Structure formats: structure tokens, C-alpha cells
Amino acid sequence: MDALALLSFGPTGWGDEIAWGVLVTVSLALATLPFGLALGFLVALAKQSPEPSLRAAGQIYTTIFRGLPELLTLFLVYFGVQIGLQRIVRLVIPDAAIEVNSFVAGMIALGVVFSSYASEVFLSAFKAIPRGQYEGGHALGLTDAQTMRLVILPQLLRVALPGLGNLWLILVKDTALVSAIGLSDILRQAGIAARVSREQFLFFGVAILIYLALAVISSAGISAIERRVGRARPAR
Amino acid sequence: MTAEALAQRPPAPPRPWTRARIAGWVLLGLWAAAGLGLALFLVASWNPELFSQYAPRYLSGLWVTIQLVAISVAVGALLSIPIAYARLSRNRVLSWLGYAYVYVFRGTPLLAQTFLIYYGFGSFRPQLEAVGLWSFFREAWSCALFAFSLNTAAYQAEILRGAIQSVPRGQWEGAAALGLHRLQALRLVVLPQALVVALRPYGNELILMIKGSAIVAIITVYDLMGETRRAYSRSFDFQTYLWAALLYLALVESLRHAVDWIERRITRHLVR
Amino acid sequence: MRKLLLALLASASLTGLAQAQDTTLKIGTEGAYPPFNNLTASGQLEGFDVEIARALCDEMKTKCEFVTQDWDGMIPALQAGKFDAIVASMSITPERQQQVDFSDPYYVNSLTFVAPKDAAFDAKAQDGKSIGVQQGTIAASFAESNYKGADVKAYPTQLEAWADLENGRIDSVLADFGVQYGWISSPDGACCEFKGDPVSRDDKIGIAIRKGDTALAGRLNEAIKAIRANGKYAEINKKYFPFDIFGQ
């Protein structure tokens, strides 16, 4: 069979399966992003707090999730969280079944990894904001939370944007690991197609090209956002 | 400040239990509980038979991981020099080629690259045999090494380029004024300064490779992750994964501290 | 985090309730083990295991739903309740019986080598040779404990082991007789043939269920007896193999 027929949509081609894989990859990355950003911001808040115990707690978090291989974190979440939650829940409801499906497991694992790196990006962005901004906020009679939301956060995001853009690109690549816990992402679908049709080079090549296209689209999107935010910085 | 001045200072007021402090201690408490839970779990599920069967295997897996990362990072360092040179070149074609290489390898997952090289090249056996390369691509180990070297070369080229560009132009000009030609200027003046800047990114890249290398388990190499998956598929005992996590954390943390230590030593002369 | 936990707890209790009323039986299978269970290009499951499972469900008058799961996570997924039974050519071994219960065997299997047709092969002289197996199968543990001098390479699926045998990366593949038979009699496996006699025999394949799920075990055993008696089993058997796979 020639390459076009193999990549066609329909019952004999693998085009539709791979398109589904693209959808899974993209939605996993998009679902992980807000979760990872929020968690990363909270961890950064903890790490820049004047309170030593809070700083230490944040530091432990980053040390663990930046130190473990992503693939291992994924397995720990996929098997471990499932077993752990099951045991806890069964104390209350004896025959409950907990479903941590591979999508949720992937989201949690990639989210914690993303957040530990994002917290570092936020942390250095915090350092770039002068104390005067906080003082100005207080002088206007804003509460701590208001100062954070109205004064600091908008500037913080602008400073953190290039770093976060990089992390997004890493996140898209890291989604490939979920193929190892059975989620039908691009790489897994391509792998199944490659094994069954025995056109290994074709399908893994196609997978690489799709990831490359995602990277190009992401970079374009990120620079568009940076331009809109107005303080585009040279890419690093 | 003298001792007297210290003595006269009123004692610091007791720190109030602010919300942040409570939250901090609660979180630390949770970490402590998690750590304790982990320790208890490992003690409770301690199985000398399992340990004696798998401990040597874990160590050999760890050794495979270290070898794989060390060799591919070293090969990648060599490869990164011409790539960084191309990236910095004023020749359009050359700099575009360098850019394309870096973009492709940094823009796609290492796992996909490894699969393409292992399974993809596997289907070109006759052609590879004809050029005498099959004995290299036959082995999963050398395929992994090949993929990792190409991948880390792209990252290292960017580190090198960034570091060289971070050295001010004046340094080049000064070297030229002293009568050094470009290569001498690069080797004697620019590189020593660039490497100080590059140390931390290089350390990070090494750590990323250690973590990234876990994927070779999927193409039959028994690295630390491979041994872990084998142990788990036999025993269905979750502690096999926890042991691997502890080993990886220890490896990465000791490396990170080593980089910190080296950086402190070589930047002693710089007032920061 | 708290919200997430609450949501998870809520969904857990919901599935707990749902399971009590729902009669759908969830069946876990691998989908990478032709001709027993594999995926077609249209994403459908097919194969001997799949058809047997469907026949058993018809017999038990329950709706069945298939869940595909990678081999190395099969037993943990069963224990975690992602499905209720594994119909994936799983051998009944003492190690697995510590984790799960099994139905009566639904076929009998042996371990056999395949290697390229033109290669000299001696099952007793494996030192320095490389043997491909699937990770977490009885073939993997058999090879590792019986061929200590050999380089045993474990693959995530059976398909990858064969692909590397064909490419010449490994000298032989050790696996179940039935799955190897399916491969060498297909165009994909034209390179290779069985080598030597089976190295281990009478290995029984059953349906794995959660420990203590005796009601399901009873129903499955009844259903296996019924499809044996009414010819349904023989019909499926004939479709895939020209010999009787049930044994005994």
C-alpha cells in the first residue's frame, strides 16, 4: 500500500486515527495548562513568602517534581494515585471504584511537572517587580489580595510570558509520554499504525512532522500574544 | 555592630501566627506526613526476597542510565560545536541549517525521535547493511545513544551560542587589538568567560537528559526505569516504582548540588 | 486542590453507585496480540479472545464493553476497577493468583520459539543469543530463568518483538504457541517458522477477575461450559486455528 492510502481517512487508512491522536494531544495540553499555571503560581507565592515554613514547603515541591523523570511521575500517578485513593475511599464506601483514567493521570502528572517549572518562572518574575508597586497598591487603600490581582499580576504575567511560552512548548512535547500509559495520543496512534502496517518510518516520521507543526503553531501563537501584551522580548 | 549594641537591642517580638505561617506549617506537616507514610509503606512492605532479587538489578540499571547519559552528553557536546558555529555564522545558508537542526530536535519529543530511529531505521535494514551501518543500528543501546546525542547536541548548541553571545563585543575587540586572531580570541578570551555563564544551563541539560533517558526502557534497554518496569511487571508491587523515584531523586539532587558548588568556586572572583 | 479532591471523591461515589445498578460487564484486553486480540485500522477489536468474550457475554445475557489496556498495567487496572475481567490470553500462574482470581481455563497453551527459516537454531544453545519476549509474560520469566546466558529483550507488546525479529535485531522470539502460529501463518511472519518442540507445555489460560469475585467466576465458568457444549466455542476455534486449542 502506498503512503497516501495508509494516511487516508476511512476504514483502511490511519489518517482518522492519527487525527484523533492530535485531538487528544492538544486537548491534554490545553487541559493541563490552566491547572499547571494556577498550581505554579501558588507554589511561587509560597516560595517568595516571608514565612520560612511556607518557603520550605514550596521548595520541597519543586525539588521533587523537577527531580523525578516525567515518565516516572506519570507511572506514579497512574498506578499510585489510583491505588492510594482507592484505599482511602474504600474506608468510607467499601465497594467504590475509583477511576483515574489515563487522561486525568496524564493531566495531573504533566500539571505538577509544569507547575514546578512555572513556579520558578513566576518567582523570577516576582523579583522583577519593584517593591514600590506593592507599596503603591497599599497607599491606594487596596488590600493585599487586591494589590496582587490588580497591580502585581498584570505586570507579572507580562514579565513571565516568554518563560511560560517555553514551558508550553515543553508541555506539548511531554504529552508524548502519555502514550506509555495507554492514552491514544499522536505518538501512540502512530505507533499502532506503524506496527500494524509495518511502515515504521512513515508513521513515526509523520508523528514528528505533526509535533513540529504544533511547535510552529505554538510559537506563532506565543509571539502573537507577546505582541498584544506589548512588551515582546527577544526569544531565548 | 558591636556586642554591646546587640545586647542593648530589645528582644525580637514573638512572631505572630499569621495565616501564612499556619499555612506553611500545615503544608510542611503534609509533606512530613507524606514522607513518613512513604517510609512506613516501604518498611511495612519490606520484602527481603524482593530486595535481594532486584537490588543488584536496580544498581546495574542505574549504571546503564549513567553511562548512557554521560556518553550521549559528551558526544552531544562535540556535535554542538559545529552547530553553534553554523548558528552564529554570517553565512545565511549555514545559519539557516543550524537553526533548522535546532528547531527540529527541540521542537519534537525525544520519545518520537527515539522511536523513529529505532523502529524507523529498523525497516531500512538492507540499505543500512549495504553501507555497513546495520551493526550499529541493530542494537537498541546504540540507537538510543544516537538519538540522545543528536537531541542534546541541539540543546547544547543553543547553550553555547547564548553563552558566546553573552560575552560583550568589547572582549573580541580587545583581543583583536592585542593581535590575536579570531580563533585565538575565541579560545583564550571568549570561551573561558562564556563557560562560566554556560555552567548552569549545562548542568540543567545534564539533569534533563538523566530524566529524559528513562524512555529507553520502552525500546528494551534495561536502564533504571527498565529494571523498574521489569520488577513491577513481575511483582505487581508498587514499591518498585518508589525505589526508582528515590534513586532518581538522589542522582539529580547530588548533581544539582555539585553544579552549585562548582559555580560558587569558579565565580569567586566575580563580585555579584 | 481541595475542589479537585472533592470532585474525585464525588465521581468515585457516583461510580460506586453506578456499578451497583449497571449490569454492563467491562472486559479488559490488550489489542496488540493477534490473532487473539488486536485492533484493526478502523479501531475495532477483533480476535479469538474478543469473540470468546462476546460469546460468553451472550451466554450470560449481559451487555459487555471492551476496554483496551497495555499489558504491563493489566492486573493493576483490574484491581483498580477499570474493568471487571481480563480476557487477554492471560496464563494462570501462582504469582498472578496472589493478585487476582481466575476462571476455569478457556484454552491451553505452550511456549514455543520462532526464528528465521534459514537460521540454525537449538533451544538448548542460547548462550550469547538474543531472545525477544513480551514484558510481563510467562515467556519473559521463562526465558530469564532458563536461558541465563542469553540476552533476553523485553518488548512492551508482542508486535514489537516480531518486528525486531524480522529486522534481524534478535535471533528468536519466545511466546505462546497460538500467537506465534497466527504470526508465522500470516504474510507478516513469512520470514520465520517454529523451531524445535515447545519448551514448556500445559500452561492454562484463564479469565482474570478481582480477588473474591466468586459470583462472576461462577457465571463465567458456567458460560465456558455452555459454549463448549453448544458448539459456539468450536465455531470460533475453527475460524482462527485448524486445531483444537482447548486441550484437556
Side-chain angles (χ1 to χ4, degrees), chain B residues 23 26-27 30-31 34 45 47 49-50 53-54 57 60-61 64 111 114-115 117-129 133-144 215-223 225-241, chain C residues 1-2 5 30 69-80 86 90 93-100 116 130-145 151-171 173 188 191 208 210-211:
Chain B
V26 168
L27 287 176
L30 283 179
W31 277 127
S45 52
N47 181 343
E49 202 184 319
L50 196 76
Q53 191 178 358
Y54 292 110
R57 291 186 162 180
S60 86
V64 169
L111 184 59
T114 311
F115 278 166
I117 286 169
Y118 186 70
Y119 289 114
F121 283 22
S123 49
F124 292 115
R125 182 184 175 190
Q127 291 88 331
L128 287 169
E129 262 176 344
L133 284 175
W134 176 245
S135 55
F136 181 82
F137 286 105
R138 187 176 192 259
E139 296 301 319
W141 160 263
S142 42
C143 283
I215 61 167
V216 290
I218 305 175
I219 59 162
T220 76
V221 176
Y222 286 114
D223 71 328
M225 191 69 189
E227 291 294 354
T228 308
R229 294 187 79 171
R230 166 151 73 182
Y232 185 68
S233 76
R234 285 289 174 71
S235 61
F236 304 105
D237 193 335
F238 193 65
Q239 61 171 309
T240 51
Y241 276 119
Chain C
M1 218 39 224
R2 203 178 58 192
L5 272 178
E30 190 195 2
Q69 165 69 46
D70 282 356
W71 185 252
D72 58 359
M74 202 62 99
I75 286 182
L78 173 70
Q79 289 168 328
I86 301 172
M90 186 175 272
T93 65
E95 296 81 39
R96 287 182 182 140
Q97 277 171 323
Q98 285 177 7
Q99 305 286 331
V100 293
S130 51
I131 306 172
V133 293
Q134 184 183 3
Q135 178 84 277
T137 58
I138 55 162
S141 31
F142 185 88
E144 273 168 21
S145 39
D151 179 14
V152 178
K153 288 188 180 291
Y155 292 83
T157 71
Q158 191 60 47
L159 298 170
E160 277 139 353
W162 288 327
D164 267 5
L165 178 63
E166 214 187 336
N167 289 335
R169 280 206 174 106
I170 46 181
D171 297 314
V173 165
D188 293 357
C191 63
R210 272 184 294 276
K211 272 226 162 293

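Quantities reported herein were computed from a predicted structural model and do not represent experimental measurements. First the proteins, then the strands, lettered A, B, ... as listed; each starts at 1.
Contact of B:Tyr118 with chain C is made through backbone and side chain together, with heavy-atom distances under 4.5 Å. Interface remark: C:Val133 contributes no atoms to any contact with chain B (heavy atom separation under 4.5 Å). In this structure, chain C has a heavy atom under 4.5 Å from the side chain of B:Tyr232, while its backbone stays farther away. For C:Ala163, no part lies near chain B; criterion is any non-hydrogen pair under 4.5 Å.
Pairing each heavy atom of B:Ser233 with each of C:Gly136, the nearest pair is OG-CA, 3.6 Å. Counting all heavy atoms, side chain and backbone alike, B:Cys143 lies closest to C:Arg169 at SG-NH2, 3.9 Å. Residues C:Gln135 and B:Arg230 share a closest heavy-atom pair of OE1-CA, 3.7 Å. What you find for C:Val152 and B:Tyr222 is that their closest heavy atoms are O-CE1, 3.5 Å. Between C:Glu166 and B:Arg125, the shortest heavy-atom contact is O-NH1, 4.2 Å.
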- Message: Run B:Phe236 and C:Gln98 through side chain to side chain contact (heavy atoms under 4.5 Å, CB included) and show every step you take.
- Response: CA-CA 10 Å; B:Phe236 304 105; C:Gln98 285 177 7; over 6 Å; no
- Kindly determine whether C:Asn167 and B:Phe121 satisfy side chain to side chain contact (heavy atoms under 4.5 Å, CB included), including the steps that lead there. CA-CA 10 Å; C:Asn167 289 335; B:Phe121 283 22; over 6 Å; no
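C:Asp171 has a carboxylate O that lies under 4.0 Å from a charged side-chain N of B:Arg138, or vice versa, which qualifies the two as a salt bridge.
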